[in-house]
Amino acid sequence: MSRLIRAVIDVAALRHNVRTIRERARGARIMAVVKANAYGHGLVPTALALAEVDAFAVARLEEGLALRAQGVTQPIVLLEGVFAPEQLLEAARYGFDLVVHDALQIEILEEDPGPHRFVLWVKIDTGMNRLGFRPEAFPAALARLRNLQPAPLEIRLLTHLARADEPNDPMTAEQVARFRETIRGLDCAVSIANSAGIFSGQHLGCDWVRPGLALYGASPFAGRTGVDLGLQPVMSLETSVIAVRHVPRGETVGYGGAWKAQRDSKIAIVAAGYGDGLARGLASGTPVLIDGSRAPLCGRVSMDMIAVDVTELPGVQVGSPTVLWGRGLPVEEVARHAGTIPYELLCGVSQRVPLELR
Ligand SMILES: *Cc1c(COP(=O)(O)O)cnc(C)c1O
């Protein structure tokens, strides 16, 4: 009964998802995106379980250092590149590949006194308006990078899609066309697709794909789950019932009296709250899996507890195993009840929740 909240990580599911992505990616190489603590799944254990991918991508230098410290030998791409000369030295020492997305980063490379050579991923902004060279600025940027002494090990090109999770939206095709036009005539490896790009059904013709969410078995598309895409959920957020109460009709449960019993009710108190990263926006009615059956959340999420209406589940008792999302309860569905996306729920699992690899 003493098992409190933990995030169970299904390593076989992770590997299954890589195989599924490989089939979808039509021969493209896989850059596994493990930023944000591998979307809450644990940076190092996730990377170590993904020995078969071709590279890893992280957002911060520190994430790359943590991977190298644990013996990860694959290429590691810094998705936002470096921001200072000291970071460039670290990147060189640990053999990181760099995204270059603005002129300041080119200057850092030009002024690097050491004879360092990098694989450079030049980012082209095709409409996201976040990072990258606009098409009109790209040729000059490329020329400067080609003139670096010593020359880069390789120059590759990428762009990022803003609306690939909306398969009927024309913006993806427009971005891809702008990208192709900008890089016409260049003989460089290219990368376009995130998870949504990989599973959108459009053939984006990439040398590399950059899956994040799909690796973890979740779907970026509203209304479709990872299981619908042939993926398996990797994280199950598991806990148990720590109290059961009988609440007479007309009484309320929890802070703010936000839920009122419409009948004499059996309420399970479950050990999980916003202190564990559970979104406080989760509304009454959000499904929770107790003893394998769905039951609705009632009232507000507290720091360490939630209440669940188990009136229809006579077998529920203290110690009953509870799943907040994972196998049998897609994180996408739970996210919808919180008015958010699965990315935010997965990344939000807090540090106090232990990871358990299975
Ligand atoms: C985070 C990120 C990805 C992965 O996106 P998903 O939607 O999780 O697949 C890919 N490329 C870049 C540049 C990113 O920042």
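Order of listing sets the numbers, starting from 1, for every ligand and every atom in it.
Salt bridge annotation for R60-E62: absent, with no cationic side-chain nitrogen under 4.0 angstrom from a carboxylate oxygen. The residues R263 and D309 are annotated as salt-bridged, a charged nitrogen and a carboxylate oxygen being separated by less than 4.0 angstrom. Using a 4.0 Å cut-off between charged nitrogen and carboxylate oxygen, E356 and R358 count as a salt-bridge pair. For the pair R163 and D169, the salt-bridge criterion is met [side-chain N within less than 4.0 Å of a carboxylate O].
Between V33 and ligand 1, not a single N/O pair is under 3.5 Å apart.
Atom 3 (C) of ligand 1 has its nearest heavy-atom neighbour, among K35, M31, E80, in K35.
Close approach to Y39 involves these atoms of ligand 1, each under 4.0 Å from a residue heavy atom: 1 (C), 4 (C), 5 (O), 6 (P), 8 (O). Residue L213 approaches ligand 1 through these ligand atoms, each under 4.0 Å from one of its heavy atoms: 6 (P), 8 (O), 9 (O). Proximity to S195 (heavy-atom distance under 4.0 Å) selects the following atoms of ligand 1: 6 (P), 9 (O).
In the model, T126 has a side-chain atom that pairs as donor or acceptor with a side-chain atom of T159 under 3.5 Å.
When only non-hydrogen protein atoms are considered, atom 10 (C) of ligand 1 lies nearest to R210 O, 3.4 Å. The nearest heavy-atom contact from the protein to atom 7 (O) of ligand 1 is Y343 OH, 2.6 Å. H160 CE1, 3.4 Å is the protein heavy atom nearest to atom 12 (C) of ligand 1.
The side-chain heavy atoms of E110 and R144, taken from C-beta on, include a pair separated by under 4.5 Å.
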